[in-house]
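Report on the structure given below.
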Protein chains: 2
Amino acid sequence: MAVTIEDVARRAGVSRGTVSNVLNRPEVVLEATRARVLEAMRDLDFIPSQPARMLGGLRNRSIGLVMHDVGHPFFAEIARGVEDVVTREDYVLTLTSTRDDAERERSSLRLLIAQQVSGILLIPTASGAEDLRQVRERGVAAVLLDHEGGANECSVAVDDIRGGIAATQHLLGLGHRRLAFVGGPTRGRQHSDRLSGMRSALASSGGRGRPAVHVVAVPADTIACGEEAARTLLGSSARRPLPTGILCGNDLLAIGLMRGLSSAGVSVPDDVAVVGYDDIELATLVGTPITSIRQPMYEMGHTAAELLLSEIHDRNHTHRNVRFVPELVVRESTVRP
Amino acid sequence: MAVTIEDVARRAGVSRGTVSNVLNRPEVVLEATRARVLEAMRDLDFIPSQPARMLGGLRNRSIGLVMHDVGHPFFAEIARGVEDVVTREDYVLTLTSTRDDAERERSSLRLLIAQQVSGILLIPTASGAEDLRQVRERGVAAVLLDHEGGANECSVAVDDIRGGIAATQHLLGLGHRRLAFVGGPTRGRQHSDRLSGMRSALASSGGRGRPAVHVVAVPADTIACGEEAARTLLGSSARRPLPTGILCGNDLLAIGLMRGLSSAGVSVPDDVAVVGYDDIELATLVGTPITSIRQPMYEMGHTAAELLLSEIHDRNHTHRNVRFVPELVVRESTVRP
DNA sequence: TTGAAAGCGCTAACAG
DNA sequence: CTGTTAGCGCTTTCAA
């Protein structure tokens with residue numbers, strides 16, 4: 001069915017070995033024969049089989065990306081960054097979504113190993129990040145994404161604590177004192193870091209007896225959950241006064257929250273200031289553009305992919321833990337223009 | 001480095017052939033030996049090499065998706081639909097972006113063939129859709145996505161002409177008579193079909209001497225281009241009165257257009273009614289929610305993947321050209337609530 | 001510089 | 001039911 005190296009060899013009147021040489025070490029074969037072989041390849045439209053090459057000892061030009069969900073703009077943008085460098089290097093990108101399920105993460109990793117990808121980029125689930133050791137033991141390069149790694153591995157992350165601090169300082173600076181955090185387990189470590197940042201900023205702001213951050217837990221990072229959080233907040237406002245400054249674990253939550261608040265007649269930013277997280281494009285486009293903590297998603301994907309390729313190719317590769325610094329972007333959800 | 005079938009065989013005290021059998025035809029091997037082999041596999045954490053299996057005659061459990069850009073919500077959503085069925089069937093998804101470049105499309109296809117994927121889902125570039133024949137000649141199953149196919153192939157598309165008609169009838173029904181279309185070459189056939197639909201709805205609406213649709217060409221399907229289109233329209237409004245009903249080739253353009261118009265003091269929908277296309281989530285979230293033509297993106301991906309898998313597995317697969325009917329969703333960009 | 005041959009990890013006959 | 005064997009398409013020695 002497919003045309004093989006054998007066919008090319010026959011047509012060019014050489015041996016398989018020679019054809020293989022023009023593929024892999026063109027410099028050792030005589031100009032004239034090389035030309036002949038190349039022509040035969042073109043005539044036959046020969047595409048060498050990667051799987052076969054691998055068995056013959058070459059590395060597969062393919063890398064895997066394991067993430068929560070392509071449909072979420074945050075991950076999609078990371079994927080774009082990855083894809084661009086992978087494509088430039090003539091690699092192919094295989095991606096799998098975990099839906100933040102540790103089970104699926106494990107099986108994704110196995111599938112990728114079975115495919116013999118030469119490297120894996122992992123955005124770990126809340127529970128995950130452990131499984132990578134097994135991956136590495138099998139000789140597959142791996143870098144952690146959106147999660148700080150150890151000294152013996154590469155990783156690309158964003159400093160979520162600083163993000164939480166920046167958001168909080170902004171809110172404090174605007175005079176807000178009753179603060180809340182809307183977040184959930186879905187991207188576990190990230191959210192808890194952001195909350196820690198919030199608490200530490202609050203603590204170091206010097207106030208004594210300041211009330212703790214009111215935490216509204218949500219089951220997922222979605223707009224619907226944000227709306228739900230608004231209802232929760234509103235519902236309990238009889239017992240406890242509504243917070244005036246709210247940080248959300250991501251922009252989608254912020255959008256939902258704002259929608260929920262405004263449909264109950266609460267004005268943003270006049271009654272409540274809301275800060276989102278991620279700074280996806282959407283944050284700039286909604287009715288009241290959202291103040292957010294920008295994460296360099298494309299760059300994260302880009303950087304991680306380059307680290308991975310370096311780990312695959314460079315003999316003297318040294319591990320790096322890259323930590324991007326998030327950036328506060330002020331918009332109308334906290335400050336009236 | 002990796003543990004092979006040989007290692008498993010040795011540890012279980014059987015031959016390679018037997019191990020292979022428990023992998024591929026477990027029913028032929030004795031319960032007891034099977035248990036022993038399975039145990040050995042578990043002990044060694046054996047993951048069979050897909051590439052090696054392929055050479056041995058099996059199909060690769062991997063399919064390729066070729067699209068314009070993962071970063072665009074329209075494509076991301078299609079990818080999700082694909083991914084869900086692919087994962088369910090224990091396949092792996094390899095994806096490549098073309099950025100709507102025919103060259104890149106061709107090279108993507110070659111890369112996927114080289115990887116020996118067992119099937120390809122192609123969202124063709126404006127120029128593309130031809131190259132699939134070559135793919136099929138190499139024995140790789142393929143289905144066209146977002147593009148109507150011929151009788152000898154499977155395809156999943158949406159009826160863009162009807163979409164254009166629906167949008168236009170809506171605008172006409174609201175009393176708009178000066179109509180415009182903002183669209184571009186980026187997704188060539190789609191946009192021109194939508195425009196055709198617009199013209200045909202206009203023609204069959206019975207009016208005589210009705211002015212033609214004013215077409216504003218844009219170079220890409222982006223928010224920025226939409227804003228640019230607004231400027232163009234506004235700039236020429238001295239010579240030619242502003243249209244009162246505008247259909248955009250996609251939602252991103254509509255968002256940009258509306259932004260451009262409103263920053264020039266033109267009110268949507270009071271002065272101009274705007275209809276978008278695709279109905280991405282974003283369309284519902286912007287300041288003035290956008291009336292749009294909904295395309296079932298997730299379902300498209302889902303359906304296409306199932307057709308592809310059927311083509312791969314079912315001996316008596318028959319080709320199908322699925323054509324979804326788009327649906328008008330009315331929101332505030334055309335009708336004040 | 002080129003050809004011949006061995007082998008990569010696995011599957012699929014075919015004997016036994 | 002299980003072991004043996006011959007490939008799958010390619011790379012990589014090693015001789016010639």
Side-chain angles (χ1 to χ4, degrees), chain A residues 1-38 40-41 44-62 110-111 113-118 138-140, chain B residues 1-38 40-41 44-62 110-111 113-118 138-140:
Chain A
M1 175 147 292
V3 17
T4 78
I5 208 175
E6 181 77 50
D7 302 322
V8 176
R10 192 163 26 235
R11 178 173 247 260
V14 297
S15 72
R16 291 183 300 159
T18 300
V19 176
S20 174
N21 275 337
V22 351
L23 244 25
N24 305 296
R25 296 113 97 230
E27 67 282 3
V28 311
V29 31
L30 208 59
E31 170 78 35
T33 36
R34 190 183 358 160
R36 211 142 33 89
V37 170
L38 253 15
M41 286 183 177
L44 267 29
D45 198 8
F46 170 65
I47 302 181
S49 157
Q50 269 293 130
R53 303 185 86 175
M54 305 206 46
L55 276 193
L58 253 51
R59 284 216 137 290
N60 194 0
R61 294 191 83 78
S62 136
R110 303 198 116 231
L111 278 176
I113 291 172
Q115 293 288 337
Q116 309 275 73
V117 297
S118 45
R138 292 176 189 274
V140 178
Chain B
M1 175 147 295
V3 15
T4 79
I5 208 175
E6 182 76 51
D7 302 321
V8 176
R10 195 164 22 238
R11 178 172 245 262
V14 297
S15 73
R16 290 183 301 158
T18 300
V19 177
S20 174
N21 275 338
V22 351
L23 244 25
N24 304 297
R25 296 112 97 229
E27 66 283 3
V28 311
V29 30
L30 208 61
E31 171 78 36
T33 36
R34 191 186 355 163
R36 210 142 34 88
V37 170
L38 253 16
M41 286 184 177
L44 268 29
D45 198 9
F46 170 65
I47 302 181
S49 158
Q50 268 294 131
R53 304 184 86 175
M54 304 206 46
L55 277 192
L58 254 51
R59 284 217 137 289
N60 194 1
R61 294 192 83 78
S62 135
R110 302 198 117 233
L111 277 175
I113 291 172
Q115 294 287 337
Q116 309 275 75
V117 296
S118 45
R138 292 175 189 275
V140 179

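Naming: A, B, ... by sequence-line order, numbering from 1 per chain.
For the 3.5 Å distance criterion, the side chains of Gln115(B) and Asn60(B) fail to qualify, holding no donor opposite an acceptor.
Residues that satisfy the side chain to side chain donor-acceptor pair (under 3.5 Å) test with Thr33(B), not counting sequence neighbours, are absent from this structure. The salt bridge (Lys or Arg N to Asp or Glu O under 4.0 Å) search around Arg61(A) returns none, not counting sequence neighbours.
Of the possible polar contacts, one joining the Asn24(B) side chain to the Ser20(B) backbone as a donor-acceptor pair under 3.5 Å is found. Remark: side-chain polar atoms of Arg36(B) are paired, donor with acceptor, to backbone N or O of Ala12(B) under 3.5 angstrom.
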Annotated protein contacts, base or backbone, on nucleotides 10-16 of chain C with a non-hydrogen cut-off under 4.0 Å, one of B, S, - each: BBB----
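One finds no side-chain N or O of Thr33(B) lying less than 4.0 angstrom from the OP1 or OP2 phosphate oxygen of dC1(D).
Residue Glu31(B) is the one, among Gln116(B) and Glu31(B), whose nearest nucleotide of DNA chain D lies closer to the 5' end (criterion: closest heavy atom).
Atom CG in Asn60(A) sits about 13 Å away from atom P in dT11(D), given to the nearest Å.
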